[in-house]
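What follows is a single structure, written as C-alpha cells, with notes after it.
Only this structure's heavy atoms are used, side chains among them; waters, hydrogens and symmetry mates stay out.
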Amino acid sequence: MESESTDRLKLAAKFINNTASPIFLTGKAGTGKTTFLRNLIHETHKSYLVVAPTGIAALHAKGVTIHSQFLLPLGSFLPTYEPEGKFSSQSGCFTQHTLARKHPLNNVRKKVLRAIELLVIDEVSMLRADVLDAIDFRLRTVTGNREPFGGIQVLLIGDLHQLPPIVRDQEWHLLSQFYSSIHFFEAHALKKTGLVYLELDKIFRQKDEAFIQVLNHFRDNQVTSADVSLLNKQFKTAAEIKDLPPAITITTHNYKAEERNHVELQALSGKAYHYSADIDRDFPESLYPIPEQLTLKVGAQVMFIKNDSSGQSEYFNGKLAQVTSLDDEEIIVKMAESDVLYTLKKELWENKKYLVNDDTKELEEEVVGTFSHYPIKLAWAVTVHKSQGLTFERAIIDVESAFAPGQVYVALSRLKSLEGLILSSRIRQEVINSDPMVDRFIDEIGSDNDLEALLPIHEKQYLVKLTRQTFDLSGIIKELQDFIQAHDTGLDFEDAEMRSAMPNLLLQLLTETENTQKYQQQLLQLVLEENKDALTDRLSRGSTYYSDFLENRLKELLLHRAEVSRFTGTKKYQEGLQTLEHALLKKYEDITKVSTVIQAIMNGHGYEKLKLIQAKKQSRYQQLLSEAKEIVSQNPKFAKNKTGKVKKAGKPSLKRAKGETYDITFQLFEEGRSIEDIAKERGLATSTIEGHIARGISSGRISIHGLMNMRSIEEIERAFGKDNTSATVIVEKLENRYSYAQVRWVMAHLRKDE
C-alpha cells in the first residue's frame with residue numbers, strides 16, 4: 001500500500017512537470033495533500049504561484065489570498081462582458097467589463113502573472129466557480145493568450161467532501177443565471193479544458209481500519225446504520241465527560257466555540273494575563289492567525305496552532321496543552337498525553353507578496369509584514385471550519401446542529417482513531433449529508449481515470465504546445481508594436497540611432513517570423529512522429545540559433561534602455577521598455593531550456609540541468625546589462641557634467657517642430673500613399689503611422705470613411721456604448737476581429753464628433 005501511495009505522488013509530480021493539463025489533486029482527509037504542496041518546490045521546474053481562498057488557508061499554504069493577488073473586488077463575478085447594470089441594480093457584483101475598467105491590475109501583479117507557468121490553488125472546496133472564472137479572465141487579459149487561464153497550468157488542491165464555498169441567497173439569485181452550482185468545477189474556464197483527476201488514497205492520519213471504513217462511508221455518502229451505531233457507542237453524557245481527561249470540543253457554530261472558551265476561562269480562579277502580538281509593517285487583521293491579544297490564566301486549556309519551526313518537533317498544529325505557570329514574561333504549559341513541561345516561545349507568521357525582481361527579472365517572494373505571537377489559542381472548543389487541517393489524539397465532537405455538507409465528516413476525520421472520539425451528542429442520520437452535485441462530479445470525473453494511460457497522452461499534448469509556443473515570436477512582436485504605438489512621440493528622439501532603435505528591433509523580429517514558423521512545423525512533425533533522435537538534434541541546433549538571436553535583441557534593448565535612462569521626462573517610456581525587456585528575457589529563457597525539458601519528458605529523466613541553465617541565463621543577463629551601461633557611460637554624447645545633467649539634452653527632444661511630423665504623414669496619405677508605403681519611406685513603424693492617422697481623424701484632416709466601411713465603424717461604435725473604454729478592451733470584446741489601429745481610428749472619429 002505504501003508503494004502505491006508513493007507511485008501516486010510520483011505520478012502527480014509527472015503530471016505537473018510533464019504536462020500543461022489542469023489538475024485536480026484530491027484525497028480523503030489525512031492523505032498528505034498539504035505535504036505534497038509543501039514539497040512542490042522540490043518537485044517542479046516550473047515557476048509557480050500559490051494562492052488560497054481565505055487568509056488563514058493562504059498562511060497555511062505559505063501563499064497569498066486569491067483576492068489580493070488578482071485584485072478582485074468583494075462580491076459576485078458574472079462571466080460576461082456586459083455591464084453589471086444589465087443584471088442587477090444592487091452593488092456587489094462585477095463583470096469582465098467592470099473588472100477591466102474599474103479594477104485594473106497594477107504593473108507589479110502583471111509582471112508576476114506573466115512570469116508564472118503554474119498556478120496552485122489550495123483548499124478548493126471553498127473556491128467558488130465565479131472566482132475561478134475571474135482568475136481566468138485576469139490571466140487571459142494580462143498574458144494576451146486566449147487559451148483558458150492564459151495558457152498557464154492550474155493545479156487545484158483540496159477535498160470537495162470537506163467545507164463548501166459560501167454564497168448568500170441574494171448572490172445565488174444572480175450567479176444561478178450562469179452556474180448550475182457554486183462549486184469550482186462549474187467554472188466556464190474548466191468546461192473548455194477538462195481536468196485530470198488525481199486522488200491520493202493512502203491515509204496517514206488514521207491507522208484504525210474500522211474507523212477509516214466509517215470515514216470513507218461518510219465521505220462517499222454511503223453511511224449505514226451500523227456505522228452510526230458504531231460511532232454512537234462513543235457517546236458520553238455531560239457528567240461522564242467531566243470525569244474524562246481534558247479534550248477539545250469540535251462544534252459547528254463559531255458562537256458556540258467562543259462562548260465555551262469564554263465561560264471556561266472565566267471559571268478559572270487566579271489572575272488573568274494579557275499578551276499582545278508584535279505586528280510589523282503590513283499584516284492586515286484578516287490574516288491574523290490568532291487574535292491580536294491573548295488572555296490566559298493558570299489551568300487554561302490551549303492548542304498549538306503552528307508546527308514547531310525550531311525543528312525540534314516539540315509541538316504540532318493541533319496539539320493540546322494546559323497552562324501551568326504564568327507571569328508577564330513567561331508562559332509554561334504541560335503537554336497533553338506526555339505531561340512534559342514546555343516554556344513557550346513566540347512564532348513568526350509572514351505576510352508576503354510575489355514580485356518580479358527588477359534587477360534579476362526573477363519571480364521572488366517578498367515579506368511585507370510579520371505577526372509574532374505565542375502559537376496557542378484557547379482550546380476548550382473550536383469550530384469545524386477552523387479545525388480543518390488539524391489532527392487530534394482525543395476530541396469531543398458536537399455536530400448535533402450540523403448545517404453544511406461535509407461538516408460531520410470533517411469533524412470526525414480530525415481524530416486519529418475511534419478510541420479518541422467522544423460524542424457529546426448522538427449522531428443523527430439527518431445531519432449526515434453530502435452535496436449531490438459534488439457526488440455526481442466525482443462519479444463522472446473518476447469513472448474513466450486510468451492515469452498511467454492518460455499520462456503519455458497529456459505529455460504528447462504538452463510537447464506539441466512547447467514546440468508551437470516556445471519559438472513563436474508573435475507575442476513579443478505584438479507587445480513591441482503596442483509599445484511603439486503608445487509612445488509615438490517618445491520615439492522621435494533627436495539622435496537618429498535612438499530614434500530608430502525600437503523600430504529596428506521590431507524589424508529584426510519581423511524578419512525572423514517566417515523562419516520561426518518553418519522551424520515550428522519541423523519540430524511539430526518530429527514530435528508527432530516521435531522521432532526522438534532527430535528531434536533532439538533539431539532542438540539543439542535551433543535552440544542555439546534562436547537563443548543567440550534573442551540575446552542580440554536583448555542586448556539592443558538593454559543598450560537603448562541604458563541610453564534613455566540618462567534623460568529626464570522618460571519615466572513611462574522606461575517602464576514600457578522594462579516590460580518589453582521582461583518579455584524578451586522570458587522568451588530567451590524558455591528557448592534556452594526547452595531542449596532539456598522536452599528530452600526529460602521523452603526520456604523520463606529529471607530536470608537537474610535546468611538549475612545550471614537558469615544560473616547561466618542569469619549570469620549572462622547581468623553581463624549584458626553591465627556591458628550596456630558601460631557602453632553608454634563611455635559615449636561622449638551621454639557624458640555628464642559636474643551637476644549630473646545630460647549635456648546633449650535634458651530630455652528627449654523632437655527633431656522636428658511640433659506637428660510637423662504629422663503633417664508629412666497627412667500629406668503623403670492625401671497623395672494616395674498606403675500606410676505601409678508611408679512607413680517605409682519615413683523609416684518609421686507601421687504602427688507609428690497608424691497613430692498619425694488617428695490624430696488626423698480626430699483633427700478632421702483625414703476622413704475615417706476612406707479607411708473603413710460603415711458597417712465596421714458602427715460595430716465598433718456599438719462596442720464602446722456609452723463608456724469611455726480603452727482600445728485594448730474593445731479589441732478583446734470584439735474577439736480580435738478588428739485591429740488596435742482600427743479601434744483607435746473609431747475612437748478618434750467619436751472624439752471629433754463630440
Side-chain angles (χ1 to χ4, degrees), residues 7-27 33 36-37 39-40 43-51 113 116-122 124 127 129 132-133 135-140 143 145-160 183-201 441-442 444-470 472 523-524 527-528 530 590 593-594 597-607 610:
D7 289 345
R8 186 58 62 94
L9 290 170
K10 288 180 178 178
L11 198 58
K14 282 186 176 180
F15 266 102
I16 292 168
N17 279 326
N18 296 5
T19 82
S21 306
I23 300 167
F24 175 34
L25 180 70
T26 187
K33 298 184 294 295
F36 180 85
L37 175 56
N39 293 336
L40 183 65
E43 300 285 347
T44 183
H45 63 90
K46 297 179 180 179
S47 56
Y48 66 90
L49 184 71
V50 179
V51 296
L113 297 180
I116 64 172
E117 300 163 278
L118 172 69
L119 174 66
V120 182
I121 307 178
D122 196 25
V124 295
L127 176 64
L132 189 54
D133 275 333
I135 290 172
D136 165 63
F137 176 72
R138 282 293 204 211
L139 290 174
R140 285 188 290 110
T143 61
N145 187 330
R146 302 296 299 168
E147 295 179 55
F149 304 106
I152 292 168
Q153 186 179 28
V154 178
L155 170 62
L156 303 148
I157 302 178
D159 182 1
L160 281 169
H183 294 288
F184 81 85
F185 52 78
E186 296 290 353
H188 293 199
L190 290 180
K191 303 295 183 184
K192 301 172 185 175
T193 63
L195 273 174
V196 172
Y197 178 76
L198 213 159
E199 182 173 357
L200 304 180
D201 50 12
F441 169 71
I442 296 297
E444 290 174 357
I445 198 171
S447 59
D448 184 18
N449 200 41
D450 185 350
L451 294 172
E452 294 286 357
L454 283 174
L455 181 61
I457 296 172
H458 287 267
E459 285 180 333
K460 193 164 188 177
Q461 291 172 351
Y462 186 42
L463 291 175
V464 169
K465 180 175 181 175
L466 285 174
T467 54
R468 279 180 173 163
Q469 293 187 356
T470 303
D472 181 7
L523 292 180
L524 183 59
V527 167
L528 296 175
E530 298 185 6
D590 290 345
K593 73 179 186 180
V594 68
V597 171
I598 289 179
Q599 288 183 62
I601 295 170
M602 297 186 77
N603 300 322
H605 297 156
Y607 294 89
L610 289 180

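- Here the two rings, on F24 and F184, have centers that are under 6.0 Å apart.
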Working note: N145 + L139, criterion side-chain contact (heavy atoms from CB on, under 4.5 Å); need CA distance, chi angles, decisive distance, verdict.
CA-CA 8 Å; N145 187 330; L139 290 174; over 6 Å; no

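- Looking at heavy atoms from C-beta onward, I135 lies in side-chain contact with L119 at the 4.5 angstrom threshold.
- To the nearest 0.5 Å, the span separating CD1 on I157 from CG on L37 amounts to 4.5 Å.
- A donor-acceptor contact closer than 3.5 angstrom is absent between the side chains of T26 and E199.
- At least one side-chain heavy atom of F185 sits less than 4.5 Å from a side-chain heavy atom of L160.
- For the pair V527/M602, no side-chain contact is recorded, criterion being any heavy-atom separation below 4.5 Å from C-beta on.
- Interatomic distance, D122 CG to L155 CG, rounded to the nearest 0.5 Å: 9.0 Å.
- In this structure, the separation between CG on L454 and CG on L198 is 10.0 Å, given to the nearest 0.5 Å.
- Note: Y197 OH to E444 CD = 12.5 Å, rounded to the nearest 0.5 Å.
- Contact annotation: the side chain of N17 approaches that of H45 to within less than 4.5 Å [non-hydrogen atoms, C-beta and beyond].
- The nearest pair of heavy atoms linking L25 to A12 is CD1-CB, 4.3 Å.
- Not one N or O on the side chain of N18 forms a donor-acceptor pair closer than 3.5 Å with the backbone of E459.
- With values rounded to the nearest 0.5 angstrom, L528 atom CG is found 9.5 Å from L463 atom CG.
- The shortest heavy-atom contact between Q461 and S21 is OE1-OG, 4.5 Å.
- Heavy-atom minimum distance, I116 versus S47: CA-OG, 3.4 Å.
- Taking F149 as the reference, nothing meets the ring-ring contact (aromatic ring centres under 6.0 Å, His included) condition, with sequence neighbours excluded.
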Point to revise | From CA spacing to verdict: side-chain contact (heavy atoms from CB on, under 4.5 Å), I121, L132 | key: CA-CA 10 Å; I121 307 178; L132 189 54; 3.8 Å; yes

Residues R140, R146; criterion side-chain contact (heavy atoms from CB on, under 4.5 Å); working and verdict = CA-CA 6 Å; R140 285 188 290 110; R146 302 296 299 168; 3.8 Å; yes

Inset, instruction - Begin from the C-alpha positions of I598 and T467 and carry the test side-chain contact (heavy atoms from CB on, under 4.5 Å) through to its verdict. - result: CA-CA 9 Å; I598 289 179; T467 54; 4.2 Å; yes

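- For the pair T19/Q153, a side-chain contact is recorded, criterion being any heavy-atom separation below 4.5 Å from C-beta on.
- The side-chain heavy atoms of V196 and L451, taken from C-beta on, include a pair separated by under 4.5 Å.
- The pair R468-E147 does not count as a salt bridge, with every side-chain nitrogen at least 4.0 angstrom from each carboxylate oxygen.
- Note that the OG1 atom of T143 and the CD1 atom of I152 stand 6.0 Å from one another [nearest 0.5 Å].
- Heavy atoms only, all atoms of each residue included: K465 and G151 are closest at NZ-O, 2.8 Å.
- The environment of K14 atom NZ is sparse: at most 12 non-hydrogen atoms of other residues, nucleotides or ligands sit within 6.0 angstrom.
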